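First the proteins, then the strands, lettered A, B, ... as listed; each starts at 1. None of these values were measured; they are calculated from a predicted model.
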Number of protein chains: 2
Amino acid sequence: MATGRTHRPATRSRGIPEATVARLPLYLRALTALSERSVPTVSSEELAAAAGVNSAKLRKDFSYLGSYGTRGVGYDVEYLVYQISRELGLTQDWPVVIVGIGNLGAALANYGGFASRGFRVAALIDADPAMTGKPVAGIAVQHTDELEKIITDNGVSIGVIATPAGAAQQVCDRLVAAGVTSILNFAPTVLSVPDGVDVRKVDLSIELQILAFHEQRKAGEETGAPEEGESAQAAAQDTVPGAAAVAQTPLAPHRAASGAGKDNGRQGPDGDVPAVMPA
Amino acid sequence: MATGRTHRPATRSRGIPEATVARLPLYLRALTALSERSVPTVSSEELAAAAGVNSAKLRKDFSYLGSYGTRGVGYDVEYLVYQISRELGLTQDWPVVIVGIGNLGAALANYGGFASRGFRVAALIDADPAMTGKPVAGIAVQHTDELEKIITDNGVSIGVIATPAGAAQQVCDRLVAAGVTSILNFAPTVLSVPDGVDVRKVDLSIELQILAFHEQRKAGEETGAPEEGESAQAAAQDTVPGAAAVAQTPLAPHRAASGAGKDNGRQGPDGDVPAVMPA
DNA sequence: GTGTGTGAAGCCTTTCACAGCC
DNA sequence: GGCTGTGAAAGGCTTCACACAC
């Protein structure tokens, strides 16, 4: 590795840390809310509170984008909205396909936040012939056979996989072969993709398990041995007093996926292909 | 801060890094798959590939749990499954309530991975009287009025919020007041919670925006100025050759939430209360 | 020989604290 | 006086590389 990033003239550097990128959408949402309330400017302290981070972090984050604030005053809301949108690439239109129109796929298709952020559902795709033609969220579901054509015709570069785990790798391969270079994966599988393809993973089961871990710890503390409980628990507390222990959408290590793609044809535990993203 | 963690006799230390905790479910899933194929032992290299991480990280992670491997051989699959399950608190039963039975709530209710990991859907709750009594995933939906009673009667400590953003904070407050201490939030809002309550956030819109950011960068590189593109892109590549740039469920800073709970009554952009988790 | 367990090094992220500009 | 922008310090996570156990 020995990546670049080392020194770089601060001139609007291309080198925004992943952790910062992951928080930009948070700021953007808070700013959008302010914008709708016609708030003209906001301080780092206020915005940070609205976004659920601390102000030092926010200022540092913004410093990677440039100097968009005014000392002694704060940030211009509209201007920041624009700058962050541009940085995130939301000023352009991103056609998206959703593959796997089960309960989850339907939920995603109905998700209002799509359109408002530059994303457009270009197509819904499902392998079940019975689904073909059925309208979901006002869009007729298309059969998997059409996948390649849909991707090409619409110039889709972002795909969402909401299929059962057993189908995910195969769908992924087809998406990638057809030209998709970013994938949001809801199936509980490790996808292996070629170089240059981004995959992000959302996994309900994992989130719950992490919660259970902390929950268990709490229970253990109040009951049996208080021991030296400080570690995880105590580290909480941030800017605001009345709030703690919240893990916001965390940062993204941006690391490589596994291979071992072989046994991906296998299904997880549970019955065969439960309604939505089996474990 | 100056947290503990400093030195600690390696005796099954209480101080597993958050990043490690976030990966345990990944290992557990891979191990479960191996277990079903009756694979008796596995090396760090193999398991790491199956889980989509590199082997050094995996070994380091396991070292926080204890020395469960055998040098020159590997790890006993069944034993590891048990140890990780125990560590995550999955050997006990966790009753869970899901609040907000729209498209997403229904998807979650139908999610097969619940039961198989020690989680049990104790109740489905929705504010719409028309939903009350309707069976979803074999469970009759109950009205929000019953929320407190349900929590208490079932000893629920984990709640899932799948309501529109406008309702999330209020639901959260009621859950917490009734005794819930861990919340998985699908609504695109910053929840403010009292000390000692864990919140994890899953947000589709944010994930897509992060993808768009990288996607935009790719486009910029191949088209206009190749500049000094290496930064983000190059940092990819891990263990396996044929795979890169995957951001697996990232680590969790485990930080405090915002206040500013005031304007949470406000709705996001988009129409009013779209089907599922509006932006 | 093989593969784990782990100190040490390196990198990234967060936090601090204050100079500088309005 | 207030608030941003940012070096510097601190902390945490990942990677390296090798001793050690089987």
ask   = Are OP1 or OP2 of C:dG3 and a side-chain N or O of B:S43 less than 4.0 angstrom apart?
value = no
task = Output the single nucleotide from D:dC16, C:dG5, D:dC13 whose closest atom is nearest the side chain of B:Y75.
result = C:dG5
ask   = Is the gap between the ring centers of B:Y68 and B:F62 under 6.0 Å?
value = no
query = Hey, what do you get for CG (A:D61) to OH (A:Y27), rounding to the nearest 0.5 Å?
reply = 3.5 Å
request  = Five pairs at each end of the helix from C:dG1-D:dC22 to C:dC22-D:dG1: take the axis at both ends and give me the angle between them to 10°.
outcome  = 0°
message = If I take atom OH in residue A:Y64 and atom P in nucleotide D:dG5, what distance separates them, rounded to the nearest angstrom?
response = 14 Å
query = Does A:Q169 use its side chain to pair, donor to acceptor, with the backbone of A:S192 at less than 3.5 Å?
reply = yes
key: Rounded distance (Å) that lies between atom C1' of D:dT4 and atom CG of A:D76   = 15 Å
key: Separation of C:dA19 C1' from A:R59 CZ (nearest whole Å)   = 13 Å
query = In whole Å, what is the span from the CG atom of A:L58 to the P atom of D:dT4?
reply = 9 Å
ask   = Between B:E87 and B:Q83, is there a donor-acceptor pair closer than 3.5 Å when you use the side chain of the first and the backbone of the second?
value = no
task = Could you check A:V73 against A:K60 and say which one's nearest nucleotide on DNA chain D is further toward the 5' end?
result = A:V73
request  = Return the value, rounded to whole Å, for the distance between atom NZ of A:K57 and atom P of D:dC3.
outcome  = 21 Å
query = Base, sugar-phosphate alone, or nothing: which one does B:F62 contact when heavy atoms must sit under 4.0 Å apart?
reply = nothing
message = Return whichever of A:T70 or A:D61 has its heavy-atom-nearest nucleotide of DNA chain C closer to the 5' end.
response = A:D61
query = Nearest of C:dG5, D:dT15, C:dT4 to any side-chain atom of B:S67?
reply = C:dG5
inquiry  = Pair A:L26, B:D203 - check side-chain contact (heavy atoms from CB on, under 4.5 Å), show working.
reply    = CA-CA 10 Å; A:L26 237 50; B:D203 193 320; 5.6 Å; no
request  = Give the intermediate values and the outcome of side-chain contact (heavy atoms from CB on, under 4.5 Å) for residues B:S157 and A:K218.
outcome  = CA-CA 11 Å; B:S157 55; A:K218 285 179 210 163; over 6 Å; no
message = Does either side chain, that of B:E36 or that of B:T32, offer a donor lying less than 3.5 Å from an acceptor on the other one?
response = no
key: Atom-pair distance (CD on B:E18; C1' on D:dT14), nearest Å   = 16 Å
task = Let me know the distance between CZ of B:R71 and C1' of D:dA17, rounded to the nearest Å.
result = 14 Å
inquiry  = Rounded to whole Å, please give me the gap between CG in A:N54 and C1' in C:dC16.
reply    = 11 Å
